[in-house]
Engineer: 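First, the structure itself, so that you have it in front of you.
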Amino acid sequence: MGWVATSEIQAAEVGREILRAGGSAGDAAVAMAAALTVTEPTSNGLGGDLFALVHDGRQVHALAANGASPRALPVDVIRAQSGKTMPLYGWPTVTVPGQISGWGALHERFGRIPFAELMEPARRLASEGFVVGRITAAAWAFAAQIHGESSPTWSKAFTDNGVPPKAGERFVAPGHAATLSWLAHEGPQAFYNAIAERIVAFAASTGGWLTLEDFRGHEARWVAPLDVAYGGWRVFGMTAPTQGVCALTALGMLQSPDAGSPRDIHRAIESIKLAFADTSAIMADPTHLRVAPEALLTPDHLAARRACLGEHAGPSPAPPGIDGGTVLLCVADDAGVVASVIQSNFYGFGSGLVVPDLGIALQNRGAGFSLDPTHPNALGAGKQPFHTILPGLLQTSHGMSPFGCMGGQMQPQGHVQLVTALARGASPQAAIDAPRWRWLEDGTVALEVGFSEALGDDLERRGHRLRRNVPSTQFGGAQMLLRTSKGFEGGSDARKDGASLAH
């Protein structure tokens, strides 16, 4: 039996359709990823990046399909114009889209059926229309306030004469359908050749710096994953330039399952703060690292950081990056292959720049660069920025399980909370549904609606400054397929419009 789980139900149904047609986990992942760019454009698109962890029954494969800044990027000009922080929108934030190369790499290594067939369900949704979900509609309305008047190409592609779709309405995306048809006929490499020519022409006419050399120099990379022990389990994540090591470092500090007491939650919050501080100090483009991410996972480093976990709240360093919009999908096939795949345009629809008639919203991942010239993640030309998105795999005595939590800085915090809840015996759905905490960049800790007053009071006595009863929209969205002695058990987050489906 195969399973899928993702944040939008029509995309989940596409994954199940592919598995029923004899497709592999890799096939279903690519088809779902394509469908998500259509049905949840508020959180990803054709111009984003992708990371994946795949277990083929023998080993874990890690895929990095993220792009670099333009080689012609005028770094000094942007730094002079931006002050202390990178802008959030516009050409200074655009990096080469790596996502489509990731689809190609997943299909090449793990696919069973033709790539064109994987594009067809998404193309059909784009050309015939899809029903907009409740959560997606709210995010779409917010994006319209940002891009509606400032970006005519965004408005043309993603609104009906300036009006974003409402929940339950059908939306048609002809430009998106055209690009998916192009990919179906010519394969993913077309994105970095003929389609790239259209993107480069758009950049040249609107003040951007992308060139054909930037696209043709890009490639997805199979890299070594990171992992850490937690109790009798192992947790796997991505390496640089993602914050995957942040989640693993925090779990490595905690070391073993807890009882979910106020003290345990306090220690988990403190571990996340220390892990963010470590990650923020070192993380960058793999070719610019000064400290290898795996150095944070050595027994000596974890023991030293564990010794810093006191009974009172410690200082709050600023975490790297900002909130973004992201989708995650989990899939397991009948051959035992499992995948956790995450893709994103970064902040909602991305940079606000949309290639005319193609539905390609270019990401603003470059906003993740630092403007501190001494930092390894300093803004640079032809350089990969720090990435917030991370997939996850969990290895228990029953085998490998894909999981993940979306939501910018929430992602490693969500990974810690999901894994610790499972270790306490929670089902996947119960672990996902549980109220979450979130450490924020201003040093406060947000508690989702549903946390008990007594727990909040205990955390305050330990020195945490709280925001109580915070809406669920601030705590990301999780997906999970947990392997058990009887097969898989799925879970999908009600904070999103998704589902977990078996076939």
Side-chain angles (χ1 to χ4, degrees), residues 4 6-18 21 23 27-48 50 97 99-100 102-104 107 114-133 135-137 139-140 143-144 147 151 153-161 163-188 190-191 194-195 198-199 202 325 327 329 341 343-345 348-350 353-363 497-498:
V4 298
T6 195
S7 54
E8 202 287 318
I9 190 169
Q10 293 160 105
E13 289 170 343
V14 165
R16 181 168 63 177
E17 173 187 328
I18 294 297
D27 291 323
V30 171
M32 291 166 71
L36 283 164
T37 68
V38 179
T39 61
E40 198 179 343
T42 54
S43 296
N44 75 136
L46 293 168
L50 174 151
Q99 183 174 292
I100 310 303
W103 296 358
H107 180 256
F115 186 83
E117 294 182 24
L118 305 182
M119 295 296 102
E120 176 54 25
R123 187 210 61 79
R124 187 172 63 246
L125 285 166
S127 63
E128 299 176 7
F130 61 94
V131 178
V132 178
I135 305 297
T136 301
W140 213 318
H147 303 302
S151 176
T153 57
W154 181 90
S155 188
K156 182 179 179 181
F158 294 110
T159 70
D160 182 3
N161 293 317
V163 179
K166 296 179 175 61
E169 292 183 349
R170 185 171 292 274
F171 189 79
V172 177
H176 209 126
T179 298
L180 291 166
S181 293
W182 203 336
L183 294 171
H185 289 132
E186 298 188 22
F191 194 90
I195 295 174
R198 296 278 294 274
I199 300 173
F202 173 60
V327 297
L329 63 90
V341 180
Q343 64 187 29
S344 174
N345 268 10
F349 281 87
L353 296 159
V354 181
V355 184
D357 303 320
L358 295 182
I360 301 172
L362 297 170
Q363 66 183 334
D497 293 321

Engineer: Do you know which two heavy atoms are closest between Ala29 and Val341, and how far apart they sit?
Structural biologist: CB-CG2, 4.1 Å
Engineer: Enter the distance from Thr39:OG1 to Leu125:CG here, rounded to the nearest 0.5 Å.
Structural biologist: 6.5 Å
Engineer: May I ask you to decide if the ring planes of Trp154 and His147 are parallel, tilted or perpendicular, using 30° and 60° as cut-offs?
Structural biologist: tilted
Engineer: Minimum heavy-atom separation for Ala137 to Pro165, with atom names?
Structural biologist: CB-O, 4.0 Å
Engineer: Is there a side-chain contact between Ile360 and Arg198, using heavy atoms and a 4.5 Å cut-off?
Structural biologist: no
Engineer: Heavy atoms, side chains only, cut-off 4.5 Å: are Leu46 and Pro97 in contact?
Structural biologist: no
Engineer: Looking at Thr136, is its backbone amide N or carbonyl O close enough to the side chain of Glu40 to form a donor-acceptor pair, meaning the two atoms are under 3.5 Å apart?
Structural biologist: no
Engineer: May I ask you to decide if Pro356's main-chain N or O and Thr153's side chain share a donor-acceptor pair within less than 3.5 Å?
Structural biologist: no
Engineer: How about Ile199 and Leu362: do any of their side-chain heavy atoms sit closer than 4.5 Å?
Structural biologist: yes
Engineer: Looking at every non-hydrogen atom in both residues, tell me the closest pair between Asn345 and Gly45 and how far apart they are.
Structural biologist: OD1-N, 3.4 Å
Engineer: Please give me the minimum heavy-atom distance between Thr6 and Ala12, naming the atom from each residue.
Structural biologist: CG2-N, 3.6 Å
Engineer: Could you go step by step and tell me if Ile195 and Leu183 meet the side chain to side chain contact (heavy atoms under 4.5 Å, CB included) rule?
Structural biologist: CA-CA 9 Å; Ile195 295 174; Leu183 294 171; 4.0 Å; yes
Engineer: Give a yes or no answer on whether the side chain of Ser181 reaches the backbone of Ala177 with a donor-acceptor pair at less than 3.5 Å.
Structural biologist: yes
Engineer: First locate atom CD of Glu120, then atom CG of Leu180, and finally report the distance between them rounded to the nearest 0.5 Å.
Structural biologist: 9.5 Å
Engineer: Show your working on side chain to side chain contact (heavy atoms under 4.5 Å, CB included) between Met119 and Val30 and close with a plain yes or no.
Structural biologist: CA-CA 8 Å; Met119 295 296 102; Val30 171; 3.8 Å; yes
Engineer: Using the side chain to side chain contact (heavy atoms under 4.5 Å, CB included) rule, take Trp182 and Leu358 through it: C-alpha gap first, then chi angles, then the decisive distance, then the call.
Structural biologist: CA-CA 10 Å; Trp182 203 336; Leu358 295 182; 4.2 Å; yes
Engineer: Does the side chain of Phe349 come within less than 4.5 Å of Val354's, by heavy atoms?
Structural biologist: no
Engineer: Atom NZ in Lys166, atom CG in Asp160: separation rounded to 0.5 Å?
Structural biologist: 10.0 Å
Engineer: Identify the residue among Met32, Gln343, Glu8 that makes a side-chain contact (heavy atoms from CB on, under 4.5 Å) with Val327.
Structural biologist: Gln343
Engineer: Considering only heavy atoms from C-beta outward, does the side chain of Pro41 approach that of Trp140 to under 4.5 Å?
Structural biologist: yes
Engineer: Can you tell me how far CZ of Phe158 sits from OG1 of Thr42, rounded to the nearest 0.5 angstrom?
Structural biologist: 10.0 Å
Engineer: Could you pull out all residues at least two apart from Asp27 that satisfy side-chain contact (heavy atoms from CB on, under 4.5 Å)?
Structural biologist: Ile18, Ser24, His107, Arg112, Ile113, Leu118
Engineer: Write down the atom of Ala122, the atom of Val38, and the distance for their closest heavy-atom approach.
Structural biologist: O-CG2, 3.7 Å
Engineer: How far does CD of Glu17 sit from CD of Gln10, to the nearest 0.5 angstrom?
Structural biologist: 12.5 Å
Engineer: Kindly write out the residues that satisfy ring-ring contact (aromatic ring centres under 6.0 Å, His included) with His176, not counting sequence neighbours, or none if the list is empty.
Structural biologist: none
Engineer: Residues two or more places apart in sequence or in another chain: which of them pass salt bridge (charged side-chain N to carboxylate O under 4.0 Å, His left out) with Lys156?
Structural biologist: Asp357
Engineer: Hey, does Val4 have a side-chain heavy atom less than 4.5 Å from the side chain of Leu329?
Structural biologist: no
Engineer: Which atoms form the tightest heavy-atom contact between Asn44 and Ser344, and what is the distance?
Structural biologist: CB-CA, 4.1 Å
